[in-house]
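Heavy atoms only: backbone and side chains are in, while hydrogens, waters and symmetry mates are out.
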Amino acid sequence: MLDIQFIRENADVIKEGARKKHVDIDIDKLISIDDKRKTLRGQMDEKKAEQNRMSNTIMRAEGDERQRLVESMRHVKQGLSELEEQYKAVMQEWQLLMLQVPNIPDFSVPEGESDAQNETIRTWGENPTFSFPAKDHIELMTKAGMADFERGGKVAGFRGYFLKGDGVLLANAVSQLALKHFMERGFEPMMVPSLVRRETFLGTGYLPQGEEDLYKTQDGEYLAGTGEVATMGYYMDEIVDGAQFPMKFLSYSPCFRREAGSHSKDTKGLIRVHEFFKWEQVVLAEASHAGSVELHEELTKNAEDFLQLMKLPYRVVVNCGGDLGLGQVKKYDIEAWMPSQDTYRETHSSSYFHDFQTRRLNIRYRTPEGKLLFAHSLNNTAAAMPRLLTMLVENYQQEDGTIRVPEALVPYVGKQVLGRPA
RNA sequence: GGAGGGGUGGCAGAGUGGUCGAAUGCGUCAGUCUUGAAAACUGAAGUCUCGGAAACGGGACCGUGGGUUCGAAUCCCACCCCCUCCGCCA
């Protein structure tokens with residue numbers, strides 16, 4: 001959510017931002033509703049003031065005088081309740097629109113409608129070449145006893161899977177390496193709830209727009225698609241200690257996604273699943289654009305370093321306007337090389353929000369001058385499993401169907417080769 | 001699941017219909033004292049919002065939303081959350 005004052009003063013910038021993000025929103029309508037809101041508010045305040053004055057007089061009055069005053073108060077009240085009703089209606093419309101106003105994308109964000117227009121800004125590593133017919137992760141993992149998709153489907157339905165044997169070892173190893181790697185960079189590890197109340201989803205910007213992609217319980221909670229939701233909710237409605245900035249959290253959680261809009265995409269394998277596990281970098285920082293930009297680069301680099309540790313070739317793309325979420329100012333996707341698809345697939349998504357999320361969540365801090373400000377927030381994937389495993393097994397596959405373990409993971413896996421020769 | 005208790009400022013905690021935006025204590029900040037610090041003493045300080053250049057003035061905020069009343073932190077209803085005990089389960 002943006003500040004209404006800011007929206008009013010910068011309507012053109014907001015409109016331009018919405019256009020760039022391909023978000024359909026009528027800012028002029030919002031402003032005219034806000035005019036109504038302000039007028040009504042003013043009228044209500046005046047009535048209220050009158051009422052307060054009168055009830056003060058009534059308190060002191062006695063007998064007939066009092067009776068008369070109480071009587072005339074009734075008229076004041078009637079006018080007020082009419083105003084209140086109008087105000088309520090206006091506010092409803094106001095809030096609905098306010099939740100839809102997108103944050104302004106950064107100047108450096110390229111134009112474009114969908115991920116097809118994302119721009120590659122750098123690549124790292126060398127894509128493997130195979131002297132034999134390379135297999136995809138489904139075949140590799142199935143044969144190596146690392147995953148079972150058939151029984152996954154039987155038990156869990158569409159997109160269901162079991163990880164087993166060396167697949168579990170590898171997932172655990174990646175998880176442990178991630179924990180070590182990010183803790184070294186000052187992140188505090190957290191295990192956070194996935195079952196989260198609606199409020200926090202509104203605050204992080206996943207609702208009201210993302211209703212379709214969320215699982216919901218019969219008790220009204222939602223299942224989070226990322227640990228970011230609970231982590232951001234952690235300090236909801238609090239004034240945090242600004243001296244601790246930047247606060248860096250490494251959140252672990254199961255993640256659930258309905259993938260409602262992607263039924264035909266990645267229907268096989270571990271690329272797109274309904275439930276998975278993820279370490280997520282989440283940061284709260286002081287309200288400074290320059291600071292956010294710097295941290296954004298840092299979070300991105302953290303993830304790149306992690307992929308480099310495992311020697312996975314990757315590229316970094318800057319997402320175009322149309323591929324940005326409502327609250328995101330700028331986003332980089334990091335995509336690792338996927339031999340079976342002859343392309344890069346997303347492993348990390350790094351973005352910053354300015355105070356878009358913290359305004360909704362009401363997370364503030366006090367500046368040294370004593371001013372209360374909304375903090376800035378950022379996040380980026382740290383390690384998503386099992387998706388990351390698909391790149392690992394495909395890039396490190398050998399002719400006999402076994403999989404070499406990247407050196408950095410060997411201590412955690414406990415061996416150098418996964419699977420058994422065919 | 002059953003029974004009960006409770007949600008008040010940064011924190012603790014009073015307040016059960018009328019100058020209550022809210023006592024008191026702790027903490028915070030400024031000053032006095034001190035070579036410096038501590039202690040002691042003196043003083044300051046909530047948040048949001050509207051008008052205003054400012055001084056200042058209006059309005060809102062005591063978990064959330066409704067209601068009763070001329071007037072609600074205080075009474076009534078619903079919901080959310082926390083705590084204690086019992087039961088059940090891990």
Next item on the list: Heavy atoms under 4.0 Å is the rule here; annotate nucleotides 53-75 of chain B 5' to 3' with B where the base is hit, S where only the sugar-phosphate is, and - elsewhere.
Entry: -----BSS---------BS----
If [N] has a Watson-Crick or G-U wobble mate with both distances under 3.5 Å, name it; if not, just say none.
N     : answer
B:A45 : none
B:A73 : none
B:G87 : none
B:A14 : none
B:A40 : B:U32

Integer angstrom distance from the [atom1] of [N] to that of [M]:
N     : M     : atom1 : answer
B:G31 : B:U47 : C1'   : 27 Å
B:G59 : B:A3  : C1'   : 43 Å
B:A22 : B:G58 : P     : 13 Å
B:C62 : B:C20 : C1'   : 10 Å

Checklist line | Donor + acceptor pair across side chains of A:Tyr332, A:His348 (<3.5 Å) | finding: no
Margin query: Is a donor from one side chain sitting under 3.5 angstrom from an acceptor on the other, for A:Asp323 and A:Asn118?
Written below: yes
Next item on the list: Enumerate the residue pairs fulfilling salt bridge (charged side-chain N to carboxylate O under 4.0 Å, His left out) with a member in residues 168-180 of chain A, sequence neighbours excluded, ordered by first and then second residue.
Entry: A:Lys180-A:Glu184
Checklist line | Summary of salt bridge (charged side-chain N to carboxylate O under 4.0 Å, His left out) pairs that have at least one residue in residues 157-166 of chain A, sequence neighbours excluded | finding: A:Asp166-A:Lys415
Next item on the list: Just jot down the ring pair (Phe, Tyr, Trp, His ring centres under 6.0 Å) partners of A:Phe306, sequence neighbours excluded, or say none.
Entry: A:His181, A:Phe182
Atom pairs and distances, side-chain donor-acceptor, residues 187-194 of chain A, under 3.5 Å, sequence neighbours left out:
| unit_1 | atom_1 | unit_2 | atom_2 | d |
| --- | --- | --- | --- | --- |
| A:Ser194 | OG | A:Pro254 | O | 2.7 |

Next item on the list: Check every strand shown and say whether A:Arg364 touches a base, only sugar-phosphate, or nothing at a heavy-atom separation below 4.0 Å.
Entry: sugar-phosphate
Next item on the list: Please work out if A:Ile239 contacts a base, only the sugar-phosphate, or nothing of the nucleic acid, heavy-atom cut-off 4.0 Å.
Entry: nothing
Under 3.5 Å, side-chain donor or acceptor atoms of residues 150-158 of chain A against the rest of the protein: list the pairs with distances, not counting sequence neighbours.
| unit_1 | atom_1 | unit_2 | atom_2 | d |
| --- | --- | --- | --- | --- |
| A:Arg151 | NH1 | A:Asp148 | OD2 | 2.7 |

Checklist line | Between P of B:G17 and CG of A:Asn56, the distance in whole Å | finding: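 Result: 18 Å.
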